[in-house]
Enquirer: 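Questions regarding the structure given below will be posed in turn.
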Number of protein chains: 2
Amino acid sequence: MALNRDALRTKMTNTVLLIEDEPDIRDMLNFALSRAGFQVWESDTAEDAMRKLDGLLPNLLIIDWMLPGMSGVELARRLRLDTHTASLPIIMLTARGEEADKLKSFDSGVDDYVVKPFSPRELIARVRALLRRVGTPEDGLLENSGIRMDLNAHQVTINGEPTKLGPTEFRLLELFMNHPERAFDRAQLLDRVWGRSVYVEERTVDVHVLRLRKALKPFGMSQHIETVRGVGYRFAPE
Amino acid sequence: MALNRDALRTKMTNTVLLIEDEPDIRDMLNFALSRAGFQVWESDTAEDAMRKLDGLLPNLLIIDWMLPGMSGVELARRLRLDTHTASLPIIMLTARGEEADKLKSFDSGVDDYVVKPFSPRELIARVRALLRRVGTPEDGLLENSGIRMDLNAHQVTINGEPTKLGPTEFRLLELFMNHPERAFDRAQLLDRVWGRSVYVEERTVDVHVLRLRKALKPFGMSQHIETVRGVGYRFAPE
DNA sequence: GGCCAATGTTACAGATATGTGACAACTATG
DNA sequence: CATAGTTGTCACATATCTGTAACATTGGCC
């Protein structure tokens with residue numbers, strides 16, 4: 001848990017795709033969002049937005065209800081149908097305050113709804129609340145050189161194939177993958193994998209490194225655990 | 001073995017805990033929520049709510065800003081600090097429309113915010129949107145890998161064949177299927193399946209996992225409940 | 001090459017964790 | 001208040017992990 005908090009804090013900045021045709025509002029929101037630490041992409045039409053969403057996905061969408069061409073609601077509806085974009089958090093922006101609109105909006109799978117005129121600070125608060133709720137997708141995931149550790153599921157997969165690791169080997173690999181390249185001596189490994197209060201022989205580390213290598217061997221990944229002669233061991237990415 | 005009555009409260013699909021001191025509003029919301037298919041629990045103070053949350057958790061909280069004694073914001077803040085309740089979705093309800101309040105509210109970890117007077121339909125739409133975002137199924141149907149749970153009917157079918165599960169096994173499977181892949185340790189399972197006010201041995205979890213596996217066995221589904229050695233258990237989809 | 005220290009490897013016995021069956025107490029319900 | 005079902009614990013059986021020591025191999029240095 002404490003780990004997750006840290007992971008969130010150091011997470012790279014969240015990206016927001018802002019889909020709004022009125023330049024004034026777009027600029028104002030871009031300014032406010034940027035100042036709040038978000039990276040902002042802009043689109044002035046639904047069509048342009050869909051093109052942008054073909055590639056790397058943003059963390060959240062802000063969509064204006066009224067857009068030239070395809071409407072915001074229609075865009076939201078379509079995004080929900082596509083598995084690639086289905087789980088993107090969406091906040092809808094609109095000038096109309098009628099309840100029917102809100103309900104239609106929610107029905108199309110929108111996560112939140114803000115009525116113009118609104119305060120940028122409130123919008124940002126809602127953006128933050130939604131991102132907090134969604135969590136960053138790769139949270140709790142360690143990946144490097146085809147080795148993936150899902151810390152929540154407590155599972156390791158190599159090129160998609162699940163692998164079985166003993167508890168100690170799991171923690172050992174976790175440490176290595178958290179600090180790729182870095183070499184640890186045996187004392188450090190004992191400290192960080194076994195814990196401070198336990199006394200075990202330093203050579204025991206060697207045995208567990210061997211066991212970890214054995215587990216990675218069938219996938220041809222054992223060479224990633226390198227020996228640093230006279231020092232200890234390190235994880236070597238591709 | 002002093003069992004807390006609260007812990008025995010049966011929980012059906014999509015339970016909402018409504019924390020509101022004004023009887024009129026409470027009744028109105030209870031009516032609207034019930035008609036929308038939610039099971040509603042009520043509290044008229046933050047203190048009572050906290051007591052209720054010691055047992056099995058509802059799916060969502062609706063908290064009034066103004067409460068006698070501990071305020072709604074303070075309650076939200078406290079719930080966020082406790083890992084047991086930290087991830088509960090919260091909607092804050094308030095008569096004040098001032099922006100500062102909203103921001104304070106969001107800062108305390110609230111997911112959404114609705115200003116009185118509001119339309120019950122909008123509130124329900126927001127409840128649904130939030131539950132959808134969190135991953136709670138709206139229709140009370142959980143399905144994965146051929147196992148289907150009807151949370152309303154309290155019934156499990158595997159590939160169409162009905163199965164009988166004890167109450168505890170049912171809640172256990174419900175938790176697992178709500179969080180596929182994720183590994184839970186025994187303390188977490190006790191917390192979330194038994195409720196935190198109950199004290200039972202950790203090994204008791206093992207026995208119920210065994211019983212759950214036995215129930216799934218005739219359908220060849222027992223391998224979906226995986227042991228994570230040194231940690232606990234997890235649900236593994238196909 | 002020969003030597004030494006560092007590391008790789010194996011085997012194993014003890015320690016831990018988990019699976020399982022039995023049972024008595026408890027609950028709900030009619 | 002009797003019955004059928006459920007619950008939590010325990011004791012014992014298995015399965016898996018752990019640390020160590022002994023021996024094998026490697027790498028560097030003279």
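Numbers restart at 1 for each chain; the letters A, B, ... are given by sequence-line order, proteins then strands. The structure displayed is predicted, hence computed values, not measured ones.
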Enquirer: Measure across B/Asn178 and B/Pro180 and return the closest heavy-atom pair with its distance rounded to 0.1 Å.
Expert: C-CD, 3.4 Å

Enquirer: Where the side chain of B/Arg234 meets the backbone of B/Glu226, is there a donor-acceptor pair that is under 3.5 Å apart?
Expert: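 Here the side-chain-to-backbone pair does not exist.
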
Enquirer: I need the CG-P distance between A/Leu190 and D/dT18, as an integer number of Å.
Expert: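 Taking atom P of D/dT18 as the reference, CG of A/Leu190 is at 14 Å.
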
Enquirer: Checking side-chain polar atoms at under 3.5 Å, does B/Thr227 have a donor or acceptor matched by the opposite partner on B/Arg213?
Expert: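 A donor-acceptor contact under 3.5 Å links the two side chains.
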
Enquirer: Looking for any heavy atom pair under 4.0 Å, which part of the strands does B/Val207 touch: base, sugar-phosphate only, or nothing?
Expert: base

Enquirer: May I have the distance from B/Glu201 (atom CD) to C/dT18 (atom P), rounded to whole angstrom?
Expert: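 B/Glu201 atom CD is separated from C/dT18 atom P by 15 Å.
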
Enquirer: Report the residue from B/Leu81, B/Leu79, B/Val73, B/Leu75 that forms a side-chain contact (heavy atoms from CB on, under 4.5 Å) with B/Arg77.
Expert: B/Leu81

Enquirer: Please report, rounded to the nearest Å, how far the C1' atom of D/dT7 is from the CZ atom of B/Arg171.
Expert: 11 Å

Enquirer: Are B/Phe176 and B/His224 an aromatic pair by the rule of ring centers under 6.0 Å?
Expert: no

Enquirer: Reckon A/Glu169 touches a base, only the sugar-phosphate, or nothing at all at heavy-atom distances under 4.0 Å?
Expert: sugar-phosphate

Enquirer: Expressed as a whole number of angstroms, how long is the span from A/His208:NE2 to C/dT10:P?
Expert: 16 Å

Enquirer: Identify which nucleotide among D/dT20, D/dT7, D/dC17 has an atom closest to any side-chain atom of A/Pro167, counting heavy atoms from C-beta outward.
Expert: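 So the side chain of A/Pro167 is nearest to D/dC17.
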
Enquirer: OP1, OP2 of D/dT18 versus side-chain N and O of A/Trp194: anything below 4.0 Å?
Expert: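 Checking D/dT18 against A/Trp194, no side-chain N or O comes under 4.0 Å of OP1 or OP2.
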
Enquirer: Starting from C1' on D/dA15, measure out to CG on B/Asp206 and report it in whole angstrom.
Expert: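 In whole Å, D/dA15 C1' lies 13 Å from B/Asp206 CG.
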
Enquirer: Indicate, with yes or no, if the rings of A/His154 and A/Phe170 have centres closer together than 6.0 Å.
Expert: yes

Enquirer: Scan residues 224-238 of chain B against DNA chain C and write down, sorted by residue number, each residue with any heavy atom closer than 4.0 Å; if none is found, say none.
Expert: B/Thr227, B/Val228, B/Arg229, B/Gly230, B/Val231, B/Tyr233

Enquirer: So, does A/Arg203 get its side chain near the phosphate of C/dG8, meaning an N or O under 4.0 Å from OP1 or OP2?
Expert: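 Looking at the OP1 and OP2 atoms of C/dG8, neither is under 4.0 Å from any side-chain N or O of A/Arg203.
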
Enquirer: Indicate, with a heavy-atom threshold strictly under 4.0 Å, whether B/Arg213 touches base, sugar-phosphate, or nothing.
Expert: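 The residue B/Arg213 makes sugar-phosphate contact but no base contact.
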
Enquirer: Hey, which of these two, B/Arg211 or A/Leu165, hits DNA chain D nearer its 5' end, going by closest nucleotide?
Expert: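 Mapping each residue to its closest nucleotide by heavy atoms, the 5'-most match is B/Arg211.
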
Enquirer: Could you work out which one of C/dT20, D/dT18, D/dT16 sits closest to the side chain of A/Lys164?
Expert: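 Looking only at heavy atoms from C-beta outward on A/Lys164, the closest nucleotide is D/dT16.
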
Enquirer: Could you state the atom-to-atom distance from CG of B/Leu212 to P of D/dT7 in whole Å?
Expert: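 Checked: the CG to P distance equals 12 Å.
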
Enquirer: Rounding to a whole Å, what distance do you find between A/Leu210:CG and C/dT10:C1'?
Expert: 9 Å

Enquirer: If we ignore angles and hydrogens, is there a donor and acceptor under 3.5 Å between the side chains of B/Gln155 and B/Arg148?
Expert: no

Enquirer: Report the distance from atom OH of A/Tyr199 to atom P of C/dA15, rounded to the nearest whole Å.
Expert: 18 Å

Enquirer: Out of C/dG19, D/dG8, C/dG21, which has the shortest distance to the side chain of B/Lys214?
Expert: C/dG21

